[in-house]
Amino acid sequence: MNHPLHNGAYALFYTTPWQWLRIGQLAAALMIFAYYALKPPGTPGNGPLSDEVLHFSGNVLLALSCWVAFFGRWNLRYLVVAAFIYSMAIEIAQGLTPARTPDMADALMNTAGLCAGTAIAFLLQRWLRHIKRLKEQEQAR
């Protein structure tokens, strides 16, 4: 297991010093997600991307960010449920702001993004388990 990518992934996900960085990135992601979801439309920073693309990609990143933060401590299914609840709460909270309204199409794109992010996390989790097996085999020699 002398590949730098394998060594880095093993250190990031299976050693304790990186745990706070993984949790910190989730805190930052949740704040950024909430800010952009609740700010009035048309304000600077909305960019040229469609609303659907932003909802989908934001929720892919939300699912992956949750998975990275709680890797090895929470089951992937629980993470998906927690991310779904957060995503839908943000969508509902848009109805409490004067310039935004909740939208069923947005909620569907949120859900699709969470599903895609979960699928990616599942594949990454399999890859990381493979890396862990390689490391354990290396240490057993």
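Starting from 1, each residue takes its place in the sequence as its number. Only a predicted model underlies this, so the values are computations on that prediction, with no experimental measurement involved.
In this structure, Phe71 CZ and Gln125 CD are separated by 5.5 Å, a value rounded to the nearest 0.5 Å. Atom CZ in Phe13 sits 12.5 Å away from atom CD in Gln19 (nearest 0.5 Å). Atom CG in Asn110 sits 3.5 Å away from atom OG in Ser87 (nearest 0.5 Å).
By the 4.5 Å heavy-atom criterion applied to side chains, Asn59 and Met109 are not counted as neighbours. Side-chain contact between Pro102 and Ile92 is absent, with no heavy-atom pair separated by less than 4.5 Å.
With sequence neighbours left out, the side-chain hydrogen bond (donor to acceptor under 3.5 Å, both in side chains) criterion links Arg129 to no other residue. Residues meeting the side-chain contact (heavy atoms from CB on, under 4.5 Å) test with Ala116, sequence neighbours left out: Phe56, Val60. Every side-chain contact (heavy atoms from CB on, under 4.5 Å) that Ala9 has, sequence neighbours left out, goes to Trp127, Leu128, Ile131. The side-chain contact (heavy atoms from CB on, under 4.5 Å) test applied to Ala11 returns Thr15, Trp18, not counting sequence neighbours. Residues forming a side-chain contact (heavy atoms from CB on, under 4.5 Å) with Ala121 (at least two apart in sequence, or on another chain): Leu64, Trp67, Leu76.
Applying the ring-ring contact (aromatic ring centres under 6.0 Å, His included) definition to pairs two or more places apart or across chains, none involves residues 97-124. Each side-chain hydrogen bond (donor to acceptor under 3.5 Å, both in side chains) pair with one or both residues in residues 94-109, not counting sequence neighbours, appears once here: His55-Asp106. A side-chain hydrogen bond (donor to acceptor under 3.5 Å, both in side chains) check over residues 68-78, counting only residues at least two apart or in different chains, returns the pairs Asn75-Arg77.
Ring pair Tyr86/Phe33 is tilted by interplanar angle, where 30° to 60° counts as tilted.
Other residues, nucleotides and ligands contribute at most 12 non-hydrogen atoms within 6.0 Å of the CZ atom of Phe84.
Hydrophobic clustering of Ile, Leu, Val, Met, Phe, Trp and Tyr side chains at less than 4.5 Å, counting indirect connections, unites Ile120 with Phe70. Hydrophobic clustering of Ile, Leu, Val, Met, Phe, Trp and Tyr side chains at less than 4.5 Å, counting indirect connections, unites Leu5 with Tyr14.
Taking Ile, Leu, Val, Met, Phe, Trp and Tyr as hydrophobic and joining them when side-chain heavy atoms fall under 4.5 Å apart, one finds Ile85 in a cluster with Val81.
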Acceptor/donor pairs from residues 21-32 side chains to any protein atom, 3.5 angstrom cut, sequence neighbours excluded:
residue, atom, partner, partner atom, Å
Arg22, NE, Val68, O, 3.0
Arg22, NH1, Leu12, O, 2.8
Gln25, OE1, Ser65, OG, 2.6
Gln25, NE2, Arg22, O, 2.9
Gln25, NE2, Ser65, O, 2.9
Gln25, NE2, Ser65, OG, 3.4

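At least one donor-acceptor pair closer than 3.5 Å links the side chain of Thr118 to the backbone N or O of Leu114.
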